[in-house]
Student: 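Got a structure here, written out as structure tokens. Questions coming.
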Amino acid sequence: MASKNDRRGAESVTHDITIQCIDASGRTQDLDTVFSYSKEDPFGVTIMFLTPEGDLPWTFSRDLLLRGLTAPSGEGDVHVCPSISDHGRAVVIIELSSPDGHLVTESRTDEVFTFIQRSLALVPEGEE
């Protein structure tokens, strides 16, 4: 679940993170993602899931991701909450639901926090 690299542009921020996908039996599988934030959509963040079948984007509220770092947040299709991994590390659980299925992911809190801090440096909270 480590970040491979970070990229920053004048109008956007991206952060590569390898997350854990958790299946119904609790088994995990690594999945590469790119978290991105842009001034063009100051209220949203996008997670791009990089898969062999093609890249799959999911966009939701930056505020939801920010709030989910410290307390359970979300209604509907996206839920975010803090947790502790089996290895005792702080993690963020992001659950995504759609008519096509349900995905539970686990990301290191420090990686998500780094991304959020960079997005806030680009567009501070309340200045969207």
Side-chain angles (χ1 to χ4, degrees):
M1 294 188 310
S3 171
K4 292 189 287 186
N5 61 40
D6 305 316
R7 295 173 279 177
R8 186 188 302 211
E11 299 295 313
S12 65
V13 175
T14 61
H15 193 77
D16 297 350
I17 303 175
T18 300
I19 64 171
Q20 299 285 315
C21 294
I22 306 167
D23 70 15
S25 65
R27 291 179 301 213
T28 61
Q29 179 176 359
D30 287 349
L31 180 61
D32 292 331
T33 66
V34 179
F35 283 57
S36 62
Y37 176 81
S38 173
K39 285 183 173 182
E40 290 182 17
D41 181 9
F43 292 101
V45 295
T46 298
I47 302 175
M48 182 69 69
F49 296 92
L50 309 177
T51 73
E53 294 81 25
D55 298 346
L56 304 169
W58 195 293
T59 301
F60 58 95
S61 163
R62 176 176 73 167
D63 185 59
L64 173 62
L65 186 59
L66 176 61
R67 287 182 289 126
L69 289 172
T70 57
S73 299
E75 296 179 13
D77 296 347
V78 181
H79 295 265
V80 182
C81 69
S83 189
I84 302 294
S85 73
D86 293 339
H87 303 292
R89 288 190 171 166
V91 295
V92 177
I93 304 297
I94 301 173
E95 291 187 58
L96 306 171
S97 297
S98 77
D100 295 325
H102 183 81
L103 178 66
V104 178
T105 70
E106 179 180 284
S107 305
R108 286 180 39 182
T109 299
D110 61 339
E111 295 286 349
V112 176
F113 181 77
T114 296
F115 166 72
I116 286 291
Q117 287 302 108
R118 290 188 173 138
S119 78
L120 292 170
L122 189 64
V123 178
E125 192 173 15
E127 293 185 19
E128 298 90 354

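This is a predicted model, so every value here is computed, not measured.
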Student: Could I get the full list of side-chain hydrogen bond (donor to acceptor under 3.5 Å, both in side chains) partners for D110, not counting sequence neighbours?
Tutor: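 Scan of D110 (side-chain hydrogen bond (donor to acceptor under 3.5 Å, both in side chains), adjacent residues dropped) gives R108.
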
Student: Please give me the minimum heavy-atom distance between L103 and C21, naming the atom from each residue.
Tutor: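 The pair with the smallest heavy-atom distance is CD1-SG, 3.9 Å.
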
Student: Hey, could you give me the CG/OG distance between L66 and S119, rounded to the nearest 0.5 Å?
Tutor: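 Here the interatomic distance stands at 7.5 Å.
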
Student: How about I84 and V91: do any of their side-chain heavy atoms sit closer than 4.5 Å?
Tutor: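 Counting from C-beta outward, I84 and V91 never come under 4.5 Å.
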
Student: Under the side chain to side chain donor-acceptor pair (under 3.5 Å) definition, can you give me all pairs with a residue in residues 66-83, not counting sequence neighbours?
Tutor: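 The answer is D63-R67.
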
Student: According to the ring pair (Phe, Tyr, Trp, His ring centres under 6.0 Å) rule, which pairs have a member within residues 106-128, sequence neighbours left out?
Tutor: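 Pairs touching residues 106-128 that pass the test: F35-F115.
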
Student: Under the side chain to side chain contact (heavy atoms under 4.5 Å, CB included) rule, what do E106 and T28 come out as? Steps first, then yes or no, please.
Tutor: CA-CA 9 Å; E106 179 180 284; T28 61; 5.7 Å; no

Student: According to side chain to side chain contact (heavy atoms under 4.5 Å, CB included), who are the partners of D23, at least two apart in sequence or on a separate chain?
Tutor: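 Residues passing side chain to side chain contact (heavy atoms under 4.5 Å, CB included) with D23: S25, R27.
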
Student: Between V34 and H15, is any pair of side-chain heavy atoms under 4.5 Å apart?
Tutor: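 Counting from C-beta outward, V34 and H15 never come under 4.5 Å.
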
Student: Taking all non-hydrogen atoms of both residues into account, name the closest pair between L120 and E125 and its distance.
Tutor: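 Minimum heavy-atom separation between L120 and E125: CD2-N, 3.7 Å.
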
Student: For H102, look at atom NE2 and say whether over 12 heavy atoms of other residues, nucleotides or ligands are found less than 6.0 Å away.
Tutor: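 Count over threshold, so yes.
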
Student: Is a side-chain donor or acceptor of T109 paired with a backbone partner of A90 at a separation under 3.5 angstrom?
Tutor: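 Checking the backbone N and O of A90 against the side chain of T109, a donor-acceptor pair under 3.5 Å is found.
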
Student: Please find the pair of heavy atoms, one from L69 and one from P82, that lie closest to each other, and give the distance.
Tutor: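 Shortest heavy-atom separation between L69 and P82 comes out as O-CB, 3.4 Å.
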
Student: Out of curiosity, D86 CG to Q20 CD, how far, rounded to the nearest 0.5 Å?
Tutor: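 Between D86 CG and Q20 CD, I get 10.0 Å after rounding to 0.5 Å.
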
Student: Please report the closest heavy-atom contact between I17 and T33, naming both atoms and the distance.
Tutor: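 Closest pair (atom of I17, atom of T33, distance): O-OG1, 2.7 Å.
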
Student: Would you check if the side chain of T105 reaches a backbone N or O of I94 as a donor-acceptor pair within less than 3.5 Å?
Tutor: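 Flag set: sc T105 to bb I94 pair under 3.5 Å.
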
Student: Which pairs would a plain distance check flag for residues 42-57, meaning a side-chain donor or acceptor within less than 3.5 Å of a matching protein atom at least two apart in sequence or in another chain?
Tutor:
from: T46; atom 1: OG1; to: T59; atom 2: OG1; distance (Å): 2.6
from: T51; atom 1: OG1; to: E53; atom 2: N; distance (Å): 3.4
from: T51; atom 1: OG1; to: G54; atom 2: N; distance (Å): 3.2
from: T51; atom 1: OG1; to: G54; atom 2: O; distance (Å): 2.3

Student: Kindly write out the residues that satisfy salt bridge (Lys or Arg N to Asp or Glu O under 4.0 Å) with E128, not counting sequence neighbours, or none if the list is empty.
Tutor: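 Partners of E128 by the salt bridge (Lys or Arg N to Asp or Glu O under 4.0 Å) criterion, ordered by chain and then number, come out as R62.
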
Student: With rounding to the nearest 0.5 angstrom, report the CG to CD1 distance, L65 to I116.
Tutor: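 The distance works out to 4.0 Å.
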
Student: Determine the minimum heavy-atom distance between S107 and V112, stating which atoms define it.
Tutor: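 The pair with the smallest heavy-atom distance is CB-CG2, 3.7 Å.
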
Student: For E95 and V78, what are the C-alpha separation, side-chain angles and deciding distance, and is it a side chain to side chain contact (heavy atoms under 4.5 Å, CB included)?
Tutor: CA-CA 6 Å; E95 291 187 58; V78 181; over 6 Å; no

Student: Could you tell me whether a side-chain N or O of S12 sits under 3.5 Å from a main-chain N or O of S38, the two making a donor and an acceptor?
Tutor: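 Side chain of S12 to backbone of S38: no pair is present.
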
Student: Does any part of the side chain of V80, heavy atoms only, come nearer than 4.5 Å to the side chain of I93, both counted from C-beta?
Tutor: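 Answer no - side chains too far apart.
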
